[in-house]
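The structure under discussion appears below in the form of structure tokens.
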Amino acid sequence: MHIQYINPGFQHSLDSMMLFHTHPDTPYWTDALYYFFPQVQEERMKALDAQGRKRYLAQTLQEVYDGLREQLDEKVIAYNEHWQKHRSQIEDALSEAFQLDTRPLFNDIRAFITLNPVCPRFLQEHTFDVFYLNSHRGALGISLHEVIHLLWFHVWNGLFQDNWNEYERPHIKWVLSEMVVESIMRDERLSSINPYFPRENGGCVYRYFQDMVIEGKPILDTIEEMYRCGNIADFMRQSYQYCLQHEKQIQAHIARAEQVF
């Protein structure tokens, strides 16, 4: 596996932000923009149509981006060097977790360093975004999360031969893939280089999974127990059936949680 960190330019940041601001979305996904860039006025954004929002963001944030060019270029170097430093141990850990040799897989991953505080990923394109305020350690933590997704769905699709469209929000397959990251990240070779692990450090999964309780038990603990079976295919089948069994409760919890930033 190999990740190349890239400064893709301002247009990419703008397009990335608009993924969450073209159509109405919940505060969980939209309000980070206003938190990190208070010069973007929420009321004005909501009063505009999609094209108006894009123009407004371009006008408001171009100067911000221009002032960050040198810093972004420095982060390209720092992020790439830090990935290379830890690449071998990451490949070892993930090869064991997914029970296949990860070294020849996904050697074309591109990570775009952007102004978007919400970092989308594109599974089939092997790309994802990293928010520029991350340190080199934070960028690696985010990258581990995304690489786990790539490997998870690589194995998953081979097992189930299903539709890639179902791997994105809000499908339950997406929900499961977001939860399993914590279990896989517990490997010392991964957790030791992820500043967002454990939960006390912010967590490596969305916070609304961290307080989700199903049948009187934190769902992440239940997923963790299933993961300990030691067989990735069996784990996928068992955890998916569990999520299907409790899908209404899981989705209802997420819907409530996404109403706040």
Side-chain angles (χ1 to χ4, degrees), residues 1 86-106 121 123 128 137-138 140-162 166-254 257:
M1 293 184 301
H86 296 286
R87 176 177 174 177
S88 181
Q89 76 186 72
I90 293 168
E91 290 173 329
D92 288 345
L94 294 178
S95 293
E96 185 174 317
F98 287 98
Q99 298 167 351
L100 79 173
D101 185 3
T102 64
R103 291 166 186 80
L105 299 175
F106 303 117
R121 58 106 194 280
L123 292 168
F128 58 87
R137 294 180 66 246
L140 185 60
I142 296 296
S143 300
L144 289 173
H145 180 111
E146 300 304 342
V147 167
I148 287 171
H149 282 314
L150 287 172
L151 288 167
W152 175 266
F153 284 117
H154 172 77
V155 175
W156 179 283
N157 190 259
L159 185 64
F160 293 104
Q161 297 290 306
D162 51 3
E166 296 179 354
Y167 302 164
E168 303 298 344
R169 171 175 168 254
H171 295 285
I172 197 67
K173 294 174 185 178
W174 171 84
V175 172
L176 174 60
S177 75
E178 293 293 344
M179 289 193 290
V180 301
V181 169
E182 183 178 272
S183 297
I184 296 169
M185 198 78 72
R186 287 189 183 280
D187 187 304
E188 173 67 19
R189 292 166 292 186
L190 303 177
S191 63
S192 63
I193 56 175
N194 185 353
Y196 299 120
F197 188 94
R199 296 176 204 174
E200 292 75 16
N201 292 349
C204 58
V205 299
Y206 295 125
R207 66 173 183 264
Y208 51 61
F209 295 129
Q210 298 176 38
D211 64 1
M212 186 183 295
V213 176
I214 303 294
E215 296 184 324
K217 185 174 182 178
I219 194 169
L220 292 180
D221 292 350
T222 300
I223 295 294
E224 168 69 15
E225 291 175 2
M226 294 177 183
Y227 180 66
R228 292 176 191 160
C229 74
N231 181 285
I232 191 65
D234 289 346
F235 171 55
M236 288 179 170
R237 293 188 183 96
Q238 184 181 5
S239 59
Y240 181 47
Q241 288 304 312
Y242 177 83
C243 287
L244 287 177
Q245 181 182 351
H246 300 285
E247 181 172 6
K248 288 185 179 179
Q249 189 175 352
I250 291 170
Q251 296 287 21
H253 179 93
I254 292 173

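What you are looking at is a predicted structure, and each value in this text was computed from that prediction instead of being measured. All values below come from the heavy atoms of this structure, side chains included, with hydrogens, waters and symmetry mates left out.
At least one donor-acceptor pair closer than 3.5 Å links the side chain of Asn157 to the backbone N or O of Asp162. Put simply, the side chain of Asn201 gets close to the backbone of Phe197: a donor and an acceptor are under 3.5 Å apart. Using a distance-only test at 3.5 Å, with no hydrogens or angles considered, no donor-acceptor pair links the side chain of Gln210 to the main chain of Leu220.
The CD atom of Gln251 sits 9.5 Å away from atom SG of Cys243, with the distance rounded to the nearest 0.5 Å. Taken to the nearest 0.5 Å, the NE2 atom of His246 stands 10.5 Å off from the CD1 atom of Ile172. Going from atom CD of Gln238 over to atom CE of Met226 covers 4.5 Å, rounded to the nearest 0.5 Å. Here the CG atom belonging to Asn231 is positioned 5.0 Å from the CD atom belonging to Gln99, to the nearest 0.5 angstrom. Atom CG of Leu150 sits about 10.5 Å away from atom OG of Ser177, to the nearest 0.5 Å.
The shortest non-hydrogen separation linking Met179 to Val205 is O-CG1, 4.1 Å. Residues Cys204 and His145 come closest through the heavy atom pair O-ND1, 2.8 Å. Residues Tyr196 and Gly138 share a closest heavy-atom pair of CE1-O, 3.5 Å. Across Val175 and Pro170, no two heavy atoms sit closer than the pair CG2-O, 4.1 Å.
Qualifying side chain to side chain contact (heavy atoms under 4.5 Å, CB included) partners for Ile90, counting only residues two or more places apart in sequence or in other chains: Met1, Trp83, His86, Leu94, Leu140, Leu144, Leu190, Ile193. Partners of Ser95 under the side chain to side chain contact (heavy atoms under 4.5 Å, CB included) rule, at least two apart in sequence or in another chain, are Asp101, Thr102, Arg103.
Classification of Arg199 and Glu182 as a salt-bridged pair holds, one side-chain N sitting under 4.0 Å from a carboxylate O.
Aromatic ring orientation, Phe235 versus Trp152: perpendicular (interplanar angle above 60°, classes split at 30° and 60°). Between Trp156 and Phe160, the ring planes are tilted. Angles from 30° to 60° get that label. Taking the six-membered ring for Trp and thresholds of 30 and 60 degrees, Phe153 and His149 have nearly parallel ring planes, at less than 30 degrees apart.
By the 4.5 Å heavy-atom criterion applied to side chains, Ile214 and Tyr242 are counted as neighbours. For the pair Ser239/Tyr227, no side-chain contact is recorded, criterion being any heavy-atom separation below 4.5 Å from C-beta on. Within the 4.5 Å cutoff, no side-chain heavy atoms of Val213 are placed close to those of His253. Between Leu176 and Met236 the shortest side-chain heavy-atom distance does not fall below 4.5 Å.
Aromatic pair His154/Phe106: ring centres closer than 6.0 Å. A ring-centre distance under 6.0 Å is not found for His171 and Tyr167.
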Residue pair Leu100, Ile232: steps toward the side chain to side chain contact (heavy atoms under 4.5 Å, CB included) verdict = CA-CA 10 Å; Leu100 79 173; Ile232 191 65; over 6 Å; no
Ile250 and Ile219: side chain to side chain contact (heavy atoms under 4.5 Å, CB included), yes or no, with the steps?
-> CA-CA 9 Å; Ile250 291 170; Ile219 194 169; 3.8 Å; yes
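Residue pairs meeting the salt bridge (Lys or Arg N to Asp or Glu O under 4.0 Å) criterion with at least one partner in residues 224-239, sequence neighbours excluded, are Arg186-Glu224, Lys217-Glu225, Glu224-Arg228, Asp234-Arg237.
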